[in-house]
Student: 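The following block contains the structure, expressed as structure tokens.
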Amino acid sequence: MRLTILGGGGFRVPLVHRALLDDARRDAPGRCTELVLYDTDPIRLKVIESVLSAQAADVPGAPAVRVARDLDEALRGADFVFSAIRVGGTAGRVRDERIPLGERVLGQETVGAGGVLYGLRTIPVAMDIAERVAAAAPDAWVINFTNPAGMVTEAMETVLGERVIGICDSPVGLVRRAARAVDADPDRVRFDYVGLNHLGWLRSLTLEGRELLPGLLGDEKALLSFEEGKLFGPEWLQALGALPNEYLHYYYFRRETLRSVLDSVETRGEFLDQQQGQFFTTAAAALDKAYELWERTRRRREETYMAESRAASGGWQRDSCDLDGGGYERVALALMRAISGDERTRLVLNVRNGTTVPALDDKAIIETVCEVSAKGARPLPCAPLREDQLGLMLQLKAVERAAIEAAVRGDRGAALRALALHPLVDSPAVAARILARSEVYPLAV
């Protein structure tokens, strides 16, 4: 099996490779035998290639790693294409976060005005990739991790149909933490999770038919034993009757998080821009130490994940079991195994709605529990959403679709609508100023 990674010089690529090596050690059937990397930055690509080489040392059957010179070469012959690009780099993320903060509204990478700006810049590139995949590798499955993942997947779906599937590591992390909090095996539980990317709720958690979530919500000590419990607090979780995705902290605790971000010396984007810039510069000058430098940098990156939300909820350190890195790479490989080997499994994925959420049309991309097989991913039926959950989903879906329309058609009015309708942007005038200060072609002209 050949896997192509677009954004092959990305900092998290070694996590995907690490998961592939685990398959090689087990001599797993249908495992990846060739990994093709493509990136527009040759220096980053060279560094990551060195990290992968060191990581694969003494691993029998490790997949061959090849660097492609151009996009079409990278795509030809691919069975799976993993898209993890960052249009504009970390410098673009810094602008996406700082411009809204200048108007005193949240500018997180995928949430709020920052997420809209990132989507406007990314979608045209993602659409071009989709068209190139359709031409050069029409039988390939595209796994999209490019953020904002739901918005980008929905745009690519208009070209690739059901052969593009979006993934995220937040839902699986939430499920595993909740299961551990009630002493259940995370690999044996069943669950009901539904929403949009970075906007979803875990509403049921069962083991052998026994519902575990009410007991967890009623146990303050158990809630405070894992990240989401600390982040949202037992009182609010009990009032919600569900466990929200960690990114909902930006919506439920907007004031507290905004104050924490404004009080910080640097944004998350600025931290990563400085950290990754230093890593790639240092590693490029000492390729023999690239792996050691990467591991040290990765650990620090995981420790500081969502630091502003943790500060806003009292300040606490991440659990050691959540510092191993990623989670998305395990979702990606489970998805590939299920499709290539017809190993039926259930995963939380970004796919066409179908009839799962009747209030949304069938082609809307939602994030929910899917049954995966060689035929692809099929969303499972779920219990009706509460009004507060559905209302937020409908508003954010309107934002996503306005952003897609703006990016595809170059429509400034749609871009203004996407920003102004976002619940974290409180004024069309503010939205207009954010748009005017952005550098998103061709909307700020």
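Nothing here was measured: the structure is a model prediction, and the numbers come from that model.
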Student: Test of understanding: with ring-ring contact (aromatic ring centres under 6.0 Å, His included), list the residues that count as partners of Tyr38, not counting sequence neighbours.
Tutor: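 Partners of Tyr38 by the ring-ring contact (aromatic ring centres under 6.0 Å, His included) criterion come out as none, since no residue qualifies.
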Student: Under the salt bridge (charged side-chain N to carboxylate O under 4.0 Å, His left out) rule, what do Arg12 and Asp169 come out as? Steps first, then yes or no, please.
Tutor: CA-CA 13 Å; Arg12 299 176 79 181; Asp169 50 356; 3.1 Å; yes
Student: Can you establish whether the number of heavy atoms outside Arg26 located under 6.0 Å from its atom CZ is more than 12?
Tutor: yes
Student: Charged N to carboxylate O below 4.0 Å: is that the case for Arg31 and Asp27?
Tutor: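 Salt bridge present between Arg31 and Asp27.
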Student: Quick one: are Arg417 and Glu405 in side-chain contact, heavy atoms under 4.5 Å?
Tutor: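 In contact.
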Student: Whether Arg132 and Asp128 form a salt bridge (side-chain N of Lys/Arg under 4.0 Å from carboxylate O of Asp/Glu) is what I want to check.
Tutor: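 Yes, charged N to carboxylate O under 4.0 Å.
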Student: Decide, yes or no, whether a salt bridge links Asp96 with Arg121 under the criterion of side-chain N to carboxylate O below 4.0 Å.
Tutor: yes
Student: Using side-chain contact (heavy atoms from CB on, under 4.5 Å) as the criterion, point out the one residue from Ile5, Thr4, Val142, Ile339 that pairs with Phe80.
Tutor: Ile339
Student: Can a donor-acceptor pair be found, under 3.5 Å and without considering hydrogens, that links the side chain of Thr153 to the backbone of Gly150?
Tutor: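 Judged by distance alone, no pair lies under 3.5 Å.
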Student: Would you say that Thr122 contacts Thr146 through its side chain, given a criterion of any heavy-atom pair below 4.5 Å between the two side chains?
Tutor: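 Side-chain contact under 4.5 Å: yes.
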Student: Can you check whether Val331 reaches Phe145 side chain to side chain, under 4.5 Å on heavy atoms?
Tutor: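 No, their side chains stay 4.5 Å or more apart.
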Student: Looking only at side chains, do Ser170 and Glu246 share a donor and an acceptor under 3.5 Å apart?
Tutor: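 Yes, because at least one side-chain N or O of Ser170 sits under 3.5 Å from a partner of the opposite role on Glu246.
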Student: Look at Arg299 together with Glu295 and state whether they make a salt bridge at an N to O cut-off of under 4.0 Å.
Tutor: no
Student: With a 4.0 Å cut-off on N to O distance, would you call Arg180 and Asp185 a salt bridge?
Tutor: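 Looking at Arg180 and Asp185, the cut-off is not met.
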Student: So, are Glu34 and Arg66 salt-bridged, with charged N and O less than 4.0 Å apart?
Tutor: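 Salt bridge: yes.
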Student: Strictly under 6.0 Å, is that where the ring centroids of Tyr252 and Trp236 end up?
Tutor: yes
Student: Run the side-chain contact (heavy atoms from CB on, under 4.5 Å) check on Ile365 and Val351 step by step: do they pass?
Tutor: CA-CA 5 Å; Ile365 295 297; Val351 296; 5.5 Å; no
Student: Would you call Glu227-Lys230 a salt bridge at under 4.0 Å N-O?
Tutor: no
Student: So, Arg337 and Asp23, do they make that salt bridge, N to O below 4.0 Å?
Tutor: yes
Student: Is any NZ, NE, NH1 or NH2 atom of the basic residue among Glu329 and Arg18 found under 4.0 Å from an Asp or Glu carboxylate oxygen of the other?
Tutor: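 Judged by the 4.0 Å cut-off on N to carboxylate O distance, Glu329 and Arg18 do not form a salt bridge.
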Student: I'd like to know whether Phe271 forms a side-chain contact (heavy atoms from CB on, under 4.5 Å) with Arg300, so could you lay out the CA-CA distance, the side-chain angles of the two residues, the decisive distance to 0.1 Å, and finally the verdict.
Tutor: CA-CA 11 Å; Phe271 168 78; Arg300 177 60 177 157; 4.0 Å; yes
Student: When you check the gap from the basic side-chain N to the acidic O, do Glu154 and Arg401 get nearer than 4.0 Å?
Tutor: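 Salt bridge between Glu154 and Arg401, a charged N being under 4.0 Å from a carboxylate O: yes.
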Student: Could you tell me whether Arg268 and Asp273 make a salt bridge, using a distance below 4.0 angstrom between a side-chain N and a carboxylate O?
Tutor: no
Student: So do the side chains of Trp141 and Phe82 get within less than 4.5 Å of each other, counting heavy atoms only?
Tutor: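 Sidechains of Phe82 and Trp141: no contact.
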Student: Does a side-chain N-to-carboxylate-O contact under 4.0 Å join Arg352 and Glu162?
Tutor: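 Looking at Arg352 and Glu162, the cut-off is met.
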Student: Are the side chains of Leu196 and Lys397 in contact, using a 4.5 Å heavy-atom criterion?
Tutor: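 Contact flag for Lys397/Leu196 side chains = yes.
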Student: I'd like to check Tyr193 versus Thr368 (side-chain heavy atoms, cut-off strictly below 4.5 Å). Are they in contact?
Tutor: no
Student: Please name the pair of heavy atoms, one in Pro14 and one in Val51, separated by the smallest distance, quoted to 0.1 Å.
Tutor: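 Pro14 and Val51 have their closest heavy atoms at CG-CG1, 3.7 Å.
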Student: Are Leu199 and Asn245 packed together at the side-chain level, in the sense that at least one heavy-atom pair is separated by less than 4.5 angstrom?
Tutor: no
Student: Any sub-3.5 Å donor-acceptor pair from Glu371's side-chain atoms to Arg378's backbone N or O?
Tutor: no
Student: Classify the ring geometry between Phe253 and His249 as parallel (under 30°), tilted (30 to 60°) or perpendicular (over 60°).
Tutor: parallel
Student: Could you tell me whether the side chain of Asp22 reaches within less than 4.5 Å of the side chain of Leu333, counting heavy atoms only?
Tutor: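 A side-chain contact under 4.5 Å is absent here.
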Student: So, Gln108 and Thr110: side-chain donor and acceptor under 3.5 Å apart, yes or no?
Tutor: yes
Student: Check this for me: does any side-chain nitrogen of one of Glu270 and Arg98 sit under 4.0 Å from a carboxylate oxygen of the other?
Tutor: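 Yes, charged N to carboxylate O under 4.0 Å.
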Student: Please name the residue in the list Leu424, Leu258, Ile434 that meets the side-chain contact (heavy atoms from CB on, under 4.5 Å) test with Val105.
Tutor: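 Between Val105 and the candidates, side-chain contact (heavy atoms from CB on, under 4.5 Å) is satisfied uniquely by Ile434.
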